[in-house]
Enquirer: 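Got a structure here, written out as structure tokens. Questions coming.
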Amino acid sequence: EVQLVESGGGLVQAGGSLRLSCAASGFTFDGSGIGWFRQAPGKEREGVSYISTSHGSTYYADSVKGRFTISSDNAKNTVYLQMNSLKPEDTAVYYCAATWLYDYDAQWSEIYEYDYWGKGTQVTVSS
């Protein structure tokens, strides 16, 4: 059974940091692409960041560049999202998802490209 389990969310003040984890199981992790998405109340789900577990390429939404860092520990089948300098507008439910884009990493933010999704973890940033 494929599982993606997010953890690490919580309540933090503006300017603070959180590290989200996405633990994957039930599929061959190495070679997959893992994306982080978020959805705020009343808004569409949007891509935040992506990493290719095979060649390590990474992508970020413009809104988080320079503040968020994605990384992968293939030995643990886990992807991390380090979030620094958090802002109230980062408040959302954060989801991780798995895909196999191969040479089409540029499509990373397209929701329809993802085959498996986690249930999400809430991040709340207070002002």
Side-chain angles (χ1 to χ4, degrees):
E1 178 188 6
V2 173
Q3 281 195 315
L4 293 164
V5 180
E6 304 94 338
S7 62
L11 173 64
V12 65
Q13 289 188 333
S17 298
L18 285 173
R19 188 177 81 154
L20 304 184
S21 299
C22 172
S25 61
F27 62 94
T28 303
F29 185 78
D30 195 2
S32 68
I34 302 295
W36 282 99
F37 291 77
R38 67 186 181 187
Q39 187 164 19
K43 295 189 176 181
E44 293 186 352
R45 192 170 298 190
E46 64 174 356
V48 175
S49 185
Y50 168 91
I51 187 166
S52 166
T53 63
S54 56
H55 47 76
S57 58
T58 59
Y59 293 83
Y60 297 93
D62 288 343
S63 59
V64 306
K65 279 180 183 176
R67 299 188 298 122
F68 291 10
T69 303
I70 193 169
S71 62
S72 176
D73 185 338
N74 287 14
K76 295 182 178 180
N77 286 6
T78 300
V79 168
Y80 303 97
L81 186 68
Q82 178 66 44
M83 306 187 297
N84 298 329
S85 302
L86 283 162
K87 305 175 181 180
E89 51 263 44
D90 294 318
T91 295
V93 177
Y94 283 70
Y95 301 89
C96 64
T99 183
W100 286 262
L101 294 176
Y102 303 110
D103 293 333
Y104 298 95
D105 284 356
Q107 298 286 100
W108 72 272
S109 63
E110 300 292 347
I111 291 173
Y112 63 79
E113 294 284 4
Y114 289 80
D115 297 292
Y116 303 108
W117 291 81
K119 294 182 179 180
T121 185
Q122 176 70 47
V123 171
T124 303
V125 184
S126 63
S127 57

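These values consider heavy atoms only, across backbone and side chains, with no hydrogens, waters or symmetry-generated copies.
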Enquirer: Evaluate Q122 against T91 for side-chain contact (heavy atoms from CB on, under 4.5 Å), listing each step before the verdict.
Expert: CA-CA 8 Å; Q122 176 70 47; T91 295; 4.0 Å; yes

Enquirer: Between K87 and D90, is the closest basic N to carboxylate O distance under 4.0 Å?
Expert: no

Enquirer: Does either side chain, that of Y59 or that of D105, offer a donor lying less than 3.5 Å from an acceptor on the other one?
Expert: no

Enquirer: How long is the span from the CG atom in N74 to the CG atom in D30, to the nearest 0.5 Å?
Expert: 5.0 Å

Enquirer: Would you compute the distance between atom CZ of R19 and atom OG of S7 and round it to the nearest 0.5 angstrom?
Expert: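 Spacing of CZ (R19) from OG (S7) equals 9.0 Å.
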
Enquirer: Specify the closest pair of heavy atoms between K65 and Y60, including all atoms of both residues, with the distance to one decimal.
Expert: CE-O, 3.4 Å

Enquirer: Distance-only, no hydrogens or angles: does the S32 side chain make a donor-acceptor pair with backbone N or O of W100 under 3.5 Å?
Expert: no

Enquirer: If you look at every heavy atom in G118 and Y95, which pair is closest and at what distance?
Expert: O-CD2, 3.6 Å

Enquirer: Measure the OG-CD distance between S127 and E89 for me, rounded to the nearest 0.5 Å.
Expert: 10.0 Å

Enquirer: Are W108 and I51 in one and the same hydrophobic cluster, where Ile, Leu, Val, Met, Phe, Trp and Tyr link if side-chain heavy atoms are under 4.5 Å apart?
Expert: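 No, it is not one cluster - the side chains of W108 and I51 are not joined through contacts under 4.5 Å.
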
Enquirer: Between W117 and F37, does the ring centroid distance fall short of 6.0 Å?
Expert: yes

Enquirer: Please check this pair: side chain of T69 against backbone of Q82, looking for a donor-acceptor N/O pair closer than 3.5 Å.
Expert: no

Enquirer: Do I111 and V93 land in one hydrophobic cluster if side-chain heavy atoms of ILVMFWY residues count as linked below 4.5 Å?
Expert: yes

Enquirer: Apply the test side-chain contact (heavy atoms from CB on, under 4.5 Å) to residues C96 and V79: give CA-CA distance (whole Å), side-chain angles for both, the deciding distance (0.1 Å), then the verdict.
Expert: CA-CA 9 Å; C96 64; V79 168; over 6 Å; no

Enquirer: For salt bridge (Lys or Arg N to Asp or Glu O under 4.0 Å), just list the numbers for E46 and R38, CA-CA rounded to whole Å, side-chain angles, deciding distance to a tenth of an Å, and then say yes or no.
Expert: CA-CA 6 Å; E46 64 174 356; R38 67 186 181 187; 2.7 Å; yes

Enquirer: Any idea which heavy atoms bring S21 and T78 closest together, and the distance?
Expert: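 S21 and T78 have their closest heavy atoms at CB-CG2, 4.3 Å.
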
Enquirer: Would a single hydrophobic cluster contain both L86 and W36, if residues Ile, Leu, Val, Met, Phe, Trp and Tyr are joined by side-chain heavy-atom contacts under 4.5 Å?
Expert: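 Yes; tracing contacts between hydrophobic side chains, which count when under 4.5 Å, links both residues.
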
Enquirer: Using atom types as modelled and distance alone, determine if a side-chain donor or acceptor of T99 lies under 3.5 Å from a backbone N or O of E113.
Expert: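 Checking the backbone N and O of E113 against the side chain of T99, a donor-acceptor pair under 3.5 Å is found.
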
Enquirer: Could you tell me which non-hydrogen atom of G26 sits nearest to which non-hydrogen atom of V2, and how far apart they are?
Expert: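 In this case the closest contact between G26 and V2 is O-CG2, 3.6 Å.
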
Enquirer: For the residue pair E6 and T121, what are the closest heavy atoms and their distance?
Expert: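 That would be CB-CG2, 3.9 Å.
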
Enquirer: Are the side chain of S52 and the backbone of S57 linked by a donor-acceptor contact shorter than 3.5 Å?
Expert: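 Such a contact is absent between S52 side chain and S57 backbone.
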
Enquirer: In sequence, state the C-alpha distance, the side-chain angles, and the governing distance for S72 and I34, and then conclude on side-chain contact (heavy atoms from CB on, under 4.5 Å).
Expert: CA-CA 9 Å; S72 176; I34 302 295; over 6 Å; no

Enquirer: Kindly give the heavy-atom pair with the smallest separation between N84 and S17, and that separation in Å.
Expert: OD1-OG, 2.9 Å

Enquirer: Under a single-linkage definition using a 4.5 Å side-chain heavy-atom cutoff for Ile, Leu, Val, Met, Phe, Trp and Tyr, are V64 and L20 assigned to the same hydrophobic cluster?
Expert: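 V64 clusters together with L20.
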
Enquirer: Starting at OH of Y50, measure out to CD of E110 and round the result to the nearest 0.5 Å.
Expert: 13.0 Å

Enquirer: Look at the aromatic rings of Y94 and F68 and report parallel, tilted or perpendicular, splitting at 30° and 60°.
Expert: tilted

Enquirer: Once rounded to the nearest 0.5 Å, what's the spacing between atom OH of Y112 and atom CD of Q107?
Expert: 4.5 Å

